[in-house]
Novice: 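Let me give you the structure first, and then I'll get to my questions.
Just the heavy atoms: all of them, side chains too, but no hydrogens, waters or symmetry mates, feed the values below. Just follow the structure's listing: the first ligand is 1, and inside any ligand the first atom is 1. Residue numbers start at 1 and run along the sequence shown.
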Amino acid sequence: MDRIIISGGHRLSGALPISGAKNSALKLMAASLLTEEPLVLENMPRLADSRFMAHLLAHLGVVAEEQPGSKLKLEGRALESTTAPYDLVRKMRATFNVLGPLIAREGRAKVSLPGGCAIGARPVDLHLKALEALGARIELSEGYVNASAPAGGLTGARIVFPFVSVGATEHAMLAAVLARGTTVLENCAREPEIADLADCLNAMGAKVSGAGSPTITIEGVSSLHGATWAVVPDRIETGTYAMAAAAAGGDVTLTGVRPAHNAALWADLREAGVTVEEGEDTVRIVRDGPIRAVDMQTAPYPGFPTDLQAQFMALMSLAEGASVIRETIFENRFMHAPELSRLGARIDVKGNEAVVRGPAALKGAPVMATDLRASVSLVIAGLAAEGETVVSRVYHLDRGFERLEEKLSACGAVIRREREPV
Ligand code: UD1
């Protein structure tokens, strides 16, 4: 197992390229199950999670070929299996999204209930209700979902989500594109990754409108064809490096981004005293002076993303004053707080609220990554801390951040990876 060693206290400066969005890429990969023709994804992030999804797709009969220039070609000419076994699903929740496409194309599927980051219960009831509304018969048995479509295939339906779910919105879209008739999804998640998936499905011949708004309408088509699609830039990676630059201090330009996708974060960073200059596909982050405490509450898009909450907490530990951070999407998503405290952050957690009292003079220490976003908050704190921080269990980081040490080193961070001694 690897660990990351950071020698903190160095300002960051230079340009830092942003990769394609992990959360979008995984659902776009699932869309390859919907056609016999090749789906070529450009701007693909090379991550443990996308490799994991490729393994599952290969098991189902989709041939994945990495091509130069961050491209991935996926071709599922004839599917070989409709079963997604536990071992190929348990590590990552997004794998569950193969269920809908398999039912839509093959009329049946058996998919293990998912795993993923340990950030709360994270059930899949909304996914299953949406598929049932489209006519799928669903049975749960021995940790698996057994599903089948009626003889004539899935049929369009009106589905009102009781609350906003990114995964369920995407899953319903992935199944409804091949259903007979019209599907109307209401109270949809509005994350940019949802519009990215809808646009890619449309490039494959689907008829999806309204993605990015609360109501999505899908006119079912009988088949989809191949397409080439560039994955939307990763707004979570963008926000993470923006906060790394703000925490360490310096002047960093993030390139290949969609600045509008991080509007909520930019507002909070500006309030905290950080300069944020938005270009067409760049964002420049400058921080020279002190950081001010800002209260923040996570919310579905366009609100502040839960996937940036841990990073924001690391930044607020350096701010002057007290910041109240409220997590409204997932319970149990403050596992980073005790680890940040090991570096000297002063954080009190009560239920879904954390009070961060700054400014703390962070000092390097050994810490442990607990989940994907939590682990990168420790890297951010380590960059700002005095002395050496050692982050173990970095496989969490590798799930979602491409070439992290390389990107940060190029901006002047002193950070390296080594094998963990046994
Ligand atoms: C996705 C993202 C994840 C992000 C989250 C919220 C991917 C691969 N992951 O996760 O990084 O943190 O959106 O922005 O895209 N829920 C139910 N029943 C369901 C589905 C969800 O109760 O059937 C609950 C969840 O437990 C959670 C809330 O709904 O409390 C929102 O979850 P959801 O938006 O579905 O998140 P994911 O799609 O799992």
Novice: Please, which pairs that meet salt bridge (Lys or Arg N to Asp or Glu O under 4.0 Å) have at least one residue in residues 53-62, sequence neighbours excluded?
Specialist: none
Novice: Any atom of ligand 1 sitting under 4.0 Å from a heavy atom of H171?
Specialist: no
Novice: Give yes if a backbone or side-chain nitrogen or oxygen of T306 is under 3.5 Å from a nitrogen or oxygen of ligand 1, and no if not.
Specialist: no
Novice: One residue to check: V166. Relative to ligand 1, which of side chain, backbone, both or neither has a non-hydrogen atom less than 4.0 Å away?
Specialist: both
Novice: Given L134, which partner from the list I159, T155, L178 fulfils the side-chain contact (heavy atoms from CB on, under 4.5 Å) test?
Specialist: I159
Novice: Using a 4.0 Å heavy-atom cut-off, which part of Y301 comes near ligand 1: side chain, backbone, both, or neither?
Specialist: neither
Novice: For the side chain of D398 and the backbone of A48, is there at least one donor-acceptor N/O pair under 3.5 Å apart?
Specialist: no
Novice: Checking S19 against E402: is there a side-chain donor and acceptor pair closer than 3.5 Å?
Specialist: yes
Novice: For ligand 1, which atoms sit closer than 4.0 Å to a heavy atom of V124?
Specialist: 19 (C), 23 (O)
Novice: Would E237 and K407 count as a salt bridge (charged side-chain N to carboxylate O under 4.0 Å, His left out) here? Give the steps.
Specialist: CA-CA 11 Å; E237 192 195 20; K407 289 186 184 187; 2.6 Å; yes
Novice: Pull out every atom of ligand 1 sitting under 4.0 Å from any heavy atom of K27, numbered as shown with elements.
Specialist: 7 (C), 8 (C), 15 (O)
Novice: Quick check on side-chain contact (heavy atoms from CB on, under 4.5 Å): which of L224, V63, V62, L72 does S32 satisfy it with?
Specialist: V62
Novice: Mind listing the side-chain donor-acceptor pairs of residues 207-219 below 3.5 Å, one per line with the distance, residues two or more places apart or on another chain?
Specialist:
residue	atom	partner	partner atom	Å
S213	OG	G210	O	2.7
S213	OG	T215	N	3.3
S213	OG	T215	O	3.0
E219	OE1	T182	OG1	2.8

Novice: With a heavy-atom distance limit of 4.0 Å, tell me whether D125 approaches ligand 1 through its side chain, its backbone, both, or neither.
Specialist: both
Novice: Does the side chain of E327 come under 3.5 Å of the side chain of T306 through a donor N or O and an acceptor N or O?
Specialist: yes
Novice: Which is it for R93 and ligand 1 at heavy atoms under 4.0 Å: side chain, backbone, both or neither?
Specialist: side chain
Novice: I need the contact type for M92 against ligand 1. Using non-hydrogen atoms and a strict under-4.0 Å cut-off, is it side chain, backbone, both or neither?
Specialist: neither
Novice: With heavy atoms under 4.0 Å as the rule, classify the contact between E331 and ligand 1 as side chain, backbone, both or neither.
Specialist: neither
Novice: Closest by any non-hydrogen atom to atom 11 (O) of ligand 1: pick that one out of D307, L126, I329.
Specialist: D307
Novice: Salt-bridged, E353 to R326, with N to O below 4.0 Å?
Specialist: yes
Novice: For ligand 1, which atoms, with element, lie under 4.0 Å from some heavy atom of R333?
Specialist: 12 (O)
Novice: With heavy atoms under 4.0 Å as the rule, classify the contact between P123 and ligand 1 as side chain, backbone, both or neither.
Specialist: both
Novice: Please report whether ligand 1 has a polar contact with R373, defined as an N or O pair separated by less than 3.5 Å (distance criterion only).
Specialist: no
Novice: For this output row, return yes or no: ring centroids of Y86 and Y144 closer than 6.0 angstrom.
Specialist: no
Novice: Would you check whether G167 has a nitrogen or oxygen atom less than 3.5 angstrom from a nitrogen or oxygen atom of ligand 1?
Specialist: yes
